[in-house]
Number of protein chains: 2
Amino acid sequence: MTVRPTMKDVARQAGVSPMTVSRVVNREPGVLPGTAARVHRAIRTLGYQRDDVARQLRRKGQLTQTVGILLDNVADPFMASLASAVEDVARQQGSVVLIGSSRDDPVREREVVSAFTSRRIDGLILIPVAGSHRFLRNAVATGTRVVCADRSASGLKTDAVVVDNRGSANRAIAHLVAHGHRRIAYLGDRLDIRTIEERYAGYLTALEAAGIPADPAIVRHGLRQAPDAAAAVAAMLAGPDPPTAVLASNGIVGLGVRAALPGGTALVSFDDFLLAAQLDPPVTVIAQDPEAMGSTAAHLLFARIHGDASPPRTVVLPTRLVARGSGEIPGPYWDGAH
Amino acid sequence: MTVRPTMKDVARQAGVSPMTVSRVVNREPGVLPGTAARVHRAIRTLGYQRDDVARQLRRKGQLTQTVGILLDNVADPFMASLASAVEDVARQQGSVVLIGSSRDDPVREREVVSAFTSRRIDGLILIPVAGSHRFLRNAVATGTRVVCADRSASGLKTDAVVVDNRGSANRAIAHLVAHGHRRIAYLGDRLDIRTIEERYAGYLTALEAAGIPADPAIVRHGLRQAPDAAAAVAAMLAGPDPPTAVLASNGIVGLGVRAALPGGTALVSFDDFLLAAQLDPPVTVIAQDPEAMGSTAAHLLFARIHGDASPPRTVVLPTRLVARGSGEIPGPYWDGAH
DNA sequence: ACTCCTGTCGACATCGTTGTCAGCTTGGTA
DNA sequence: TACCAAGCTGACAACGATGTCGACAGGAGT
């Protein structure tokens, strides 16, 4: 294993100064073609590659062409699509992407953010976990741009790209009510996640608007995995006065519910998922567009990096209620109007 | 937006030398508690954070605590799980992860590798695209460790973590034959992808072993998207002498085939996918374990980074044939033995 | 009183690259 | 011939951190 050659090595080999090598490597004008050719030959001979660590240090105030993305879990399909879109935009912009998973752990989130900023990232796409993000103020103050995706951060004013969770939940409940349901269960992930809280709030207000009293017996929070959700819905159905319809707060919960739900019970789930259309009955979902979210967030980020200093913006992306069947199963109050 | 404070700033604030600040920041012994306290106070006051770019430059030959992972596409669930496992291991090792998608494009692959190595990554987890990877020799020679996952790289000897694709395809075909099929179609992704080629080879040898002649009319390559696969299988079924069973080379193709396949035709697909068990009929798959693959590759990589200089190893992970129903649909030659 | 040691701290040089500026050559013009 | 402009190249310093080594103080031992 040889040591990595430096510009000095190339310079010696080509019989020029390191500065000239630098100029050639960076395609700066004002180098004689012959000189450049000698340098290129030396570069090939030695297998030289510019050291961007040194470069970034020297070019202070310049960009490192590195952005970070910090999300719950790369393995989550929603997050993965989002990350993929971010990476695409970053590449177009000539930047590389540092990725990290917070796994819903604020401590881990801080650690990863710190590891990122100590490497001088130009910007960060953040899917914040619950809790305050005031600790990011320092980073923001010293030039790290931050754009939140999916949820916004508390204690920090940043750009954000989100969907109207409350309105979407509202629409889902209205949809179920219109199909004759009045006993509608809610099964959800942890309530301290901002988006989940908003969805639950939408559930409650929609019930109220429909004149249906909320019943804690058919509400469950804190479901992290599909099996948990399956067990929860099974318990509910076994209880007295079971629900005739279910709203699932996100895709994981929706999957779990689906597996345990008898055919006659209606289901609307947040988040589209692969094969949702091929199940029987096909699952009605509130679909988000993670790629649009990722690329929007990334474009916002790079606009900031390139100097956009306008006040922080929140972009609200639309959701689609995709009626596939499971959400249109008629309930006991169905009036045949649909 | 303030400028980022440096050790010099902290030193001035605390009335010590930068060297002492360095010692405090890096928790080196030999600093009086009182002095350390003053430094800590100054750090908090100024919001100082160590600049790892400068640190990495100075500590030449030391690690940058950064590894790269380069895969086809982050949005692919298989790759996403793999990446997630890699990130977990990296975090345990105190490293951050640079991620990049090659999108099956050798040019893009080279560009991303170059962007990574110019940042002095300690190591790279690579899911190689088709074509030669001799261009990595330079990087390997100057200290970047490379571990391939899912497929091995040609023109370069590295550690690799793979599955026995040929044997697995063999087993799948034997399974179908045992259930009375002799007219078995193959639908596959691009043949120049190493794993796909191996699976196809396994298909052919298994047919031969069973004394079944291969028929190009029921073989299709180059299917990139689910709809392509659906169209291909539909065309096959509409032709003369349609297949009674299908082998799909990977999850994407399997999904497409499933959507277009009538109930009576058997299907075995490579790659497990979410909900495969909840379809009707449930899909029989050859399941791999992407997390095991990712974490094995990552552990290999860090062993190399920490000095393991033994000859390159190839780890072959097992696959599981998960019989769920679609692969056990009896064919015309079924003898009732199963 | 002298040496020797231990513990604490700072000065200096250096990592690889690049911004700045000065020096050199060449050719053209008065 | 003298002079200047333009084009090409190199010397030097600096980015922020840290490895090395030396300075200095205070205490122990003779």
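We name chains A, B, ... by the order of the sequence lines, and we start the count at 1 in each one.
- Distances shown here put a side-chain N or O of A:Lys60 below 4.0 Å from the OP1 or OP2 atom of D:dG16.
- Regarding contacts with the backbone of D:dC8, every side-chain N or O of A:Thr35 stays at 4.0 angstrom or more from both OP1 and OP2.
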Evaluate A:Arg190 against A:Asp72 for salt bridge (Lys or Arg N to Asp or Glu O under 4.0 Å), listing each step before the verdict.
CA-CA 13 Å; A:Arg190 276 169 43 187; A:Asp72 270 6; over 6 Å; no

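- The stretch residues 39-57 of chain B comes close to DNA chain C through B:Leu57, each having a heavy atom under 4.0 Å from the strand.
- Taking atom CZ of B:Arg119 as the reference point, atom C1' of C:dT17 lies 15 Å away to the nearest angstrom.
- Using a 4.0 Å heavy-atom criterion, one finds that A:Val21 contacts no nucleic acid atom at all.
- Side chain of B:Glu28, nearest nucleotide from D:dG19, C:dT18, D:dA17: D:dG19.
- Picking from D:dG16, D:dT9, C:dT18 the nucleotide with the shortest atom distance to the side chain of B:Arg58 gives D:dG16.
- Listed for the B:Thr45 side chain is a donor-acceptor partner under 3.5 Å among the backbone atoms of B:Arg41.
- Within a 6.0 Å radius of CZ in B:Arg134, no more than 12 heavy atoms belonging to other residues, nucleotides or ligands are found.
- If you take CE of B:Met19 and P of C:dA11, they are 12 Å apart, rounded to a whole angstrom.
- A:Asn26 contributes no side-chain N or O that, together with a main-chain N or O of A:Arg23, makes up a donor-acceptor pair within less than 3.5 Å.
- Residues B:Ser17 and A:Val25 each lie close to DNA chain C; by heavy-atom proximity, the contact nearer the 5' end of the strand is made by B:Ser17.
- The shortest heavy-atom contact between A:Val129 and A:Asp105 is CG1-N, 4.1 Å.
- Side chain of A:Arg23, nearest nucleotide from D:dT18, C:dG16, D:dT9: D:dT9.
- Note on A:Ser22: every side-chain N or O is 4.0 Å or more away from OP1 and OP2 of C:dT17.
- The side chain of A:Lys8 places no N or O atom within less than 4.0 Å of a non-bridging phosphate oxygen (OP1 or OP2) of C:dG16.
- Atom pair A:Met7:CE and D:dT9:P shows a separation of 15 Å (rounding to whole Å applied).
- Rounded to whole Å, atom P of D:dA17 lies 13 Å from atom CZ of B:Arg59.
- Nearest nucleotide to the A:Thr20 side chain, out of D:dG10, C:dC9, D:dT18: D:dG10.
- Of the inter-residue distances, the one linking A:Glu87 atom CD with A:Gln92 atom CD reads 10.0 Å to the nearest 0.5 angstrom.
- Taking 4.0 angstrom as the limit, A:Thr6 places none of its side-chain polar atoms (N or O) nearer than this to OP1 or OP2 of C:dG16.
- Of all non-hydrogen atoms in A:Arg120 and A:Thr64, the two that sit nearest each other are O-OG1, 2.7 Å.
- Atom pair B:Gln62:CD and D:dG19:P shows a separation of 7 Å (rounding to whole Å applied).
- Note: CZ (B:Arg12) to P (C:dC9) measures 19 Å, nearest angstrom.
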